[in-house]
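Reading through the structure tokens given below for one structure.
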Amino acid sequence: MKKAFVKSYGCQMNAYDAARMADVLGAEGYAPTDTVEDADVVVLNTCHIREKAAEKVYSELGRLRELKGERRRAGLDTRIVVAGCVAQAEGAEIVARQPAVDVVVGPQSYHRLPDLIARSRERRVVDTEFPVEDKFDHLPARRNRGVTAFLTVQEGCDKFCAFCVVPYTRGAEVSRSVAAVVGEAEKLVAEGVREITLIGQNVNAYHGLSADGAAATLPDLMRAVAAIPGVARIRYTTSHPNDMADDLIRAHAEIPALMPYLHLPVQSGSDRILKAMNRKHTGDQYRRLIERVRASRPDIALSSDFIVGFPGETDEDFADTMRLVEEVGFESAFSFKYSPRPGTPAAERADAVPEAVKSERLAALQALLDRQRHAYQRAAEGQVVDVLVEKAGRHPGQVAGKTPHMLAVHFEAPASTIGSVVAVRIREAGANSLTGELVQRAEAA
Ligand code: 5AD
Ligand code: SF4
């Protein structure tokens with residue numbers, strides 16, 4: 001049997017796309033493999049968001065070239081496919097730089113993979129079109145084995161933050177229809193999925209077509225998904241502060257399946273830098289927004305992305321970021337050193353922050369965010385919380401799952417609890433996850 005190895009870098013949407021590419025190849029008779037040496041097709045689903053991520057691809061391709069040579073000497077063919085955002089951004093450059101690559105395919109064209117692979121036997125192919133047909137209409141049925149699943153509901157971004165490649169690699173904002181999302185969600189639930197994370201580069205700008213022909217908002221979509229019997233939990237990511245509409249804020253109080261967790265990147269706490277980033281909001285506007293979200297759902301856990309060392313960022317600007325973090329308080333966060341990306345406005349700027357300064361600021365910010373994360377985890381000690389059991393734990397007899405606030409918990413329970421929501425008393429906060437013990441339902445009520 002033919003085998004396909006698919007490796008994904010970067011964001012959750014890439015993980016979703018990688019799974020769908022595996023489905024496309026599966027429909028062509030390729031069994032999935034985790035062993036790259038056995039693969040007849042190797043797909044690297046790449047990320048272009050920061051330089052480090054993009055450069056990783058070329059070192060990986062160097063290794064694949066050798067592997068392809070070894071397999072050829074053994075009489076085996078290997079097709080090497082570069083997909084994702086580096087494929088979209090660099091296209092033919094990849095083929096020029098790495099002779100082992102057979103196919104370059106962008107994020108909107110991967111439903112054409114079988115055809116592209118077939119054609120690559122004649123000559124190497126690059127497909128980075130934004131095709132007129134919708135890839136989602138051409139993908140085979142989804143295969144999913146877990147309790148939780150991502151579901152792409154929106155793609156692309158019209159915001160054009162000055163540092164970001166996404167509007168170029170993923171294109172303009174496009175929303176899938178409510179019917180398409182509900183249809184995919186129903187299939188996931190039929191296969192045992194209990195938690196669905198609605199994903200999009202700007203998911204809270206969702207405006208898909210509803211059954212009555214009007215544009216649905218994200219809360220409309222959430223209600224439709226929550227109505228599917230078997231859906232226990234809904235999450236969504238990633239959101240832009242300026243698209244946090246009133247109905248979405250209210251949804252956090254009104255939709256029981258919607259989990260009390262919000263990933264809402266602010267990037268910086270300095271108004272000067274936010275303006276230079278073209279974020280179109282200030283630090284105070286973000287603070288006020290958070291107040292409104294907390295008024296709707298007092299226990300909501302917050303998460304954010306931060307960039308340090310954006311061009312022109314001074315010590316004072318960075319201090320503003322630290323102040324915002326102190327004031328808002330985050331359960332978790334991702335923070336990055338600014339990385340200039342070709343083609344973005346910020347990359348043209350001459351006032352780059354020295355690497356050493358970026359590193360210092362990143363370390364200070366991460367230390368603060370770590371303290372907040374640990375404090376948040378410790379505050380859970382002794383509480384009884386609902387946990388959706390996702391999988392077997394690392395040790396025999398254990399299972400692992402997540403709290404509504406996205407904290408990872410492991411505890412002793414039979415494997416039969418996988419897929420259900422159980423009450424767990426949190427015993428202790430460890431470095432990255434909590435330990436707990438199963439309690440009787442009545443006790444939890
Ligand atoms: N440099 C550093 N971080 C970036 N991000 C996006 N573009 C860049 C860049 N050029 C970060 C932002 C975004 C997250 C997905 O990646 O914080 O929210
Ligand atoms: Fe990039 Fe800004 Fe769009 Fe997020 S909102 S994808 S950071 S341009």
Side-chain angles (χ1 to χ4, degrees), residues 8-17 45-56 84-86 88-90 107 150 152 154-171 173 197 199-205 236-244 262-270 273-274 276-281 283 286 289 302-313 317-318 321-322 324-325 328 330 332-349 351-355 357-363 365-366 369:
S8 197
Y9 301 84
C11 67
Q12 288 148 337
M13 190 170 294
N14 255 19
Y16 174 91
D17 289 342
N45 195 29
T46 60
C47 173
H48 202 242
I49 198 92
R50 284 169 291 276
E51 192 179 356
K52 241 195 212 154
E55 276 307 312
K56 241 187 240 164
C85 291
V86 177
Q88 189 62 41
E90 299 186 5
F150 298 129
T152 294
Q154 180 277 337
E155 255 190 279
C157 181
D158 298 341
K159 294 280 186 296
F160 291 92
C161 296
F163 49 79
C164 185
V165 288
V166 166
Y168 312 96
T169 55
R170 291 277 176 169
E173 285 176 12
T197 302
I199 59 173
Q201 266 96 27
N202 237 316
V203 76
N204 59 346
Y236 65 107
T237 198
T238 289
S239 298
H240 191 286
N242 294 356
D243 289 316
M244 251 356 255
L262 175 61
H263 181 65
L264 193 65
V266 65
Q267 312 296 356
S268 167
S270 153
I273 294 298
L274 286 167
M277 286 176 163
N278 193 32
R279 292 288 293 179
K280 299 199 171 85
H281 62 77
Y286 184 85
L289 177 57
L302 295 172
S303 157
S304 178
D305 294 341
F306 295 93
I307 295 177
V308 300
F310 186 80
E313 187 187 71
D317 293 320
F318 178 64
T321 299
M322 294 292 275
L324 183 136
V325 173
V328 173
F330 293 94
S332 67
F334 300 97
S335 43
F336 312 99
K337 289 194 250 186
Y338 169 72
S339 164
R341 304 309 293 129
T344 59
E348 307 294 313
R349 292 184 49 154
D351 49 354
V353 172
E355 228 15 68
V357 176
K358 284 187 199 170
S359 301
E360 242 171 63
R361 289 180 187 164
L362 187 69
L365 175 60
Q366 290 187 339
L369 290 165

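Both counts, for ligands and for their atoms, begin at 1 and track the order of listing. Side chains included, hydrogens not; waters and symmetry mates left out as well; all remaining heavy atoms used.
At a heavy-atom distance under 4.0 Å, atoms from both the backbone and the side chain of Phe163 approach ligand 1. Only the side chain of Ile307 comes within 4.0 Å of ligand 1, counting heavy atoms alone; its backbone N, CA, C and O stay farther away. At a heavy-atom distance under 4.0 Å, only side-chain atoms of Gln267, from C-beta outward, approach ligand 1.
Under the 6.0 Å distance and 45° angle rule, Arg341 does not count as a cation-pi partner of Phe163.
Residue Arg341 places no N or O, backbone or side chain, under 3.5 Å from any N or O of ligand 1.
A ring-centre distance under 6.0 Å is not found for Phe306 and Tyr338. Aromatic rings of Phe318 and Phe310 (six-membered ring for Trp) have centroids beyond the 6.0 Å cut-off, not under it.
Near Tyr338, with a cut-off below 4.0 Å to any heavy atom, the atoms of ligand 1 are 1 (N), 2 (C).
The closest side-chain heavy-atom distance from Lys159 to Glu173 is below 4.5 Å. Counting heavy atoms from C-beta outward, Tyr16 and Ile199 have side chains that approach closer than 4.5 Å.
When Gln201, Met277, Lys358, Lys337 are ranked by how near their heavy atoms come to atom 2 (C) of ligand 1, first place goes to Lys337.
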